[in-house]
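This is a predicted model, so every value here is computed, not measured.
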Number of protein chains: 2
Amino acid sequence: MTRSKSKSFPARDSYHHGDLHSTLVEAAEHLLEKQGLSALSMREVAKLAGVSHSAPYRHFRGKAGLLEAVAQAGFNRLAVMINGAHDAYPDDPEAQLRAAGVAYVEWATENPERTHLMYGGMMKSEDVPETLHACAEDAYAGIFHIIDEGRQAGVFGGDDTDSVVISAWAVVHGLTMLILGSGKVNPANPGEVRQLALRVCDTILDGIRSRTGTGDQPS
Amino acid sequence: MTRSKSKSFPARDSYHHGDLHSTLVEAAEHLLEKQGLSALSMREVAKLAGVSHSAPYRHFRGKAGLLEAVAQAGFNRLAVMINGAHDAYPDDPEAQLRAAGVAYVEWATENPERTHLMYGGMMKSEDVPETLHACAEDAYAGIFHIIDEGRQAGVFGGDDTDSVVISAWAVVHGLTMLILGSGKVNPANPGEVRQLALRVCDTILDGIRSRTGTGDQPS
DNA sequence: CATCTGATGTTACCAGTGTCAACATTCATG
DNA sequence: CATGAATGTTGACACTGGTAACATCAGATG
């Protein structure tokens with residue numbers, strides 16, 4: 001935040017940069033989506049930010065630290081989007097879930113490299129600090145909230161909320177990975193992505209919906 | 001294949017190695033699961049295989065080529081497992097899907113780094129060659145086969161087979177990613193993984209099952 | 001205002017990496 | 001046996017992540 005001009009990075013006037021921390025994160029995000037994760041180098045980020053190759057180490061504990069910050073920002077945005085979907089459709093858990101799912105798939109497919117960073121495990125999980133876990137948990141908590149309310153309202157069924165959340169989270173995340181995974185499922189335009197996301201959401205809703213209220217219980 | 005002793009790598013007698021190609025792949029798989037993807041270096045693989053740091057380039061077009069071979073082997077195993085699940089439960093599409101799903105989740109969580117390699121996108125998708133796509137497609141085709149048969153038998157519903165396959169594939173893959181993603185969903189023992197996989201499969205089966213036969217068609 | 005201190009940025013350097021070119025050795029085939 | 005294609009080795013190159021020593025600045029303190 002606190003930085004509007006997002007295209008001219010090298011803004012530099014005095015010896016001290018002023019806000020290197022955020023500038024580095026932005027530069028990393030920029031290069032990440034442009035060149036891919038494997039081609040991202042610390043030195044290039046520094047160069048794009050207009051500082052020497054060693055300056056970033058005053059702000060992040062190594063490359064992992066910088067990538068971690070990028071991932072964290074991503075999880076934060078994710079959590080915001082999910083909560084936004086919740087607030088946009090009060091008292092309509094199905095619409096909330098659909099909106100959250102579509103938003104997630106759309107955002108992730110628009111930012112493929114960042115999504116890979118967030119879930120790709122390029123950082124061994126033992127090294128991932130607590131703060132990142134907390135951010136990912138925030139996003140998870142958003143979906144948990146939606147489904148928990150939905151279950152209390154009798155819209156969703158299932159034995160316990162967590163297992164329902166896992167299923168819902170998993171389809172959406174899985175579809176994303178399939179789209180990103182280049183192999184199968186390769187939609188051309190964003191509209192098609194939305195279509196796919198909606199269909200998957202409807203399928204999982206069919207599996208999640210409470211069956212005690214509508215009178216149908218397959219043997 | 002054609003190589004049983006999997007622990008003593010440096011087996012070397014003459015100037016020429018004899019079967020460097022497979023040995024390198026095995027060495028890479030070994031180091032991959034041991035040290036993680038980001039810490040995997042070409043030179044270390046070569047050293048473990050007992051050859052000079054430059055020898056691998058006679059067999060693979062760079063690091064990407066080697067990793068690509070590892071990923072390809074993974075997809076092949078995946079396809080075999082899926083087809084095995086199909087053959088193990090003839091005329092029972094639900095059991096086939098469950099078995100395939102559980103097998104996939106179990107294998108993937110037992111080989112987390114390889115799974116990340118396969119789907120993590122450490123290789124920009126433009127660079128992924130056709131052969132890899134073909135292998136991934138084989139695995140996809142296995143699930144397609146199961147669901148297509150199931151739909152023809154009236155067990156599964158849905159508008160078209162592909163969208164059903166995507167949903168099924170997505171839950172299973174998504175659950176895997178959640179388990180690997182370290183954040184939420186962190187089961188201790190393999191039995192718990194199986195449990196989770198089964199539950200997710202049942203949920204998606206509830207969403208996939210044909211509704212025209214049992215008399216329920218939500219408006 | 002002078003000065004000291006800590007934060008921030010720079011340069012120089014190191015080990016390690018991916019990759020290639022030149023050379024060495026072996027295998028196969030005439 | 002000679003010869004060329006495979007295969008393996010050595011040595012180099014540019015680049016990377018990371019650290020240490022030095023330079024510059026902002027701000028508190030006198």
Side-chain angles (χ1 to χ4, degrees), chain A residues 2-3 9-28 31-32 34-71 113 117 122-124 127-129, chain B residues 2-3 9-28 31-32 34-71 113 117 122-124 127-129:
Chain A
T2 77
R3 187 159 269 265
F9 278 105
R12 189 75 175 291
D13 39 355
S14 57
Y15 184 89
H16 280 25
H17 182 279
D19 192 15
L20 228 198
H21 192 98
S22 349
T23 303
L24 285 172
V25 173
E26 291 177 25
L31 286 180
L32 184 64
K34 192 172 126 204
Q35 310 185 338
L37 183 65
S38 55
L40 183 76
S41 82
M42 211 60 172
R43 292 166 113 97
E44 215 167 348
V45 172
K47 191 181 299 181
L48 180 57
V51 303
S52 80
H53 68 262
S54 185
Y57 293 86
R58 301 281 170 196
H59 297 267
F60 301 95
R61 61 173 232 300
K63 188 179 190 177
L66 177 54
L67 293 183
E68 182 189 306
V70 174
E113 296 294 336
L117 170 67
M122 79 302 313
M123 38 185 103
K124 293 228 64 171
D127 307 341
V128 175
Chain B
T2 77
R3 187 157 269 264
F9 278 105
R12 188 77 176 291
D13 38 355
S14 58
Y15 184 90
H16 279 28
H17 183 277
D19 191 16
L20 227 198
H21 192 99
S22 345
T23 303
L24 284 172
V25 172
E26 291 177 26
L31 286 180
L32 183 64
K34 194 172 125 202
Q35 309 186 339
L37 182 64
S38 55
L40 183 77
S41 84
M42 212 59 172
R43 291 167 114 98
E44 216 168 347
V45 172
K47 191 180 299 179
L48 180 58
V51 5
S52 81
H53 67 263
S54 186
Y57 291 85
R58 300 284 169 193
H59 298 266
F60 302 94
R61 61 172 235 300
K63 188 179 189 177
L66 177 54
L67 294 183
E68 181 188 307
V70 173
E113 295 295 336
L117 170 65
M122 82 302 313
M123 38 185 105
K124 293 228 65 171
D127 307 341
V128 175

Check the distance between [N]'s [atom2] and [X]'s [atom1] and give it to me in whole angstrom.
{"X": "B:Phe60", "N": "C:dC20", "atom1": "CZ", "atom2": "P", "value": "15 Å"}
{"X": "B:Leu66", "N": "C:dT17", "atom1": "CG", "atom2": "C1'", "value": "15 Å"}
{"X": "A:Asp19", "N": "C:dA7", "atom1": "CG", "atom2": "C1'", "value": "15 Å"}
{"X": "B:Arg61", "N": "C:dG18", "atom1": "CZ", "atom2": "P", "value": "15 Å"}

A:His21 vs C:dT8: side-chain N/O to OP1/OP2 distance below 4.0 Å: no
Main-chain N/O of A:Leu37 paired to A:Glu113 side chain as donor or acceptor, under 3.5 Å: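 Confirmed, A:Glu113 side chain pairs with A:Leu37 backbone.
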Side chain of B:Arg58 - closest among D:dT7, C:dG9, D:dA20: D:dT7
Per B:His59 side chain, nearest of listed nucleotides C:dT11, D:dT9, D:dG8: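 When the side chain of B:His59 is considered, D:dG8 is the closest of C:dT11, D:dT9, D:dG8.
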Under 3.5 Å donor-acceptor pair, A:Ser54 side-chain atoms to C:dT11 base atoms: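 Such a pair is found, so the answer is yes.
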[X] versus [Y], closest heavy-atom pair with distance:
{"X": "B:Ser52", "Y": "B:Pro56", "result": "O-CD, 3.6 Å"}
{"X": "A:Ala49", "Y": "A:Thr23", "result": "CB-CG2, 4.0 Å"}
{"X": "B:Ala55", "Y": "B:Leu20", "result": "CB-CD1, 4.0 Å"}

Please write out each protein N/O paired with an N/O of nucleotides 13-17 of chain D under 3.5 Å, distance rounded to 0.1 Å.
unit_1 : atom_1 : unit_2  : atom_2 : d
D:dT16 : OP1    : A:Ser41 : OG     : 3.4
D:dG17 : OP1    : A:Met42 : N      : 2.9
D:dG17 : OP1    : A:Lys63 : NZ     : 3.0
D:dG17 : OP2    : A:Met42 : N      : 2.8
D:dG17 : OP2    : A:Arg43 : N      : 3.2
D:dG17 : N7     : A:Arg43 : NH1    : 2.3
D:dG17 : O6     : A:Arg43 : NH1    : 3.2

A:Leu40 and its side chain to side chain contact (heavy atoms under 4.5 Å, CB included) partner, picked from A:Leu117, A:Leu67, A:Leu66, A:Val70: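 Only match with A:Leu40 under side chain to side chain contact (heavy atoms under 4.5 Å, CB included): A:Leu67.
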Side chain to side chain contact (heavy atoms under 4.5 Å, CB included) between B:Phe60 and B:Glu68, intermediate numbers included: CA-CA 9 Å; B:Phe60 302 94; B:Glu68 181 188 307; over 6 Å; no
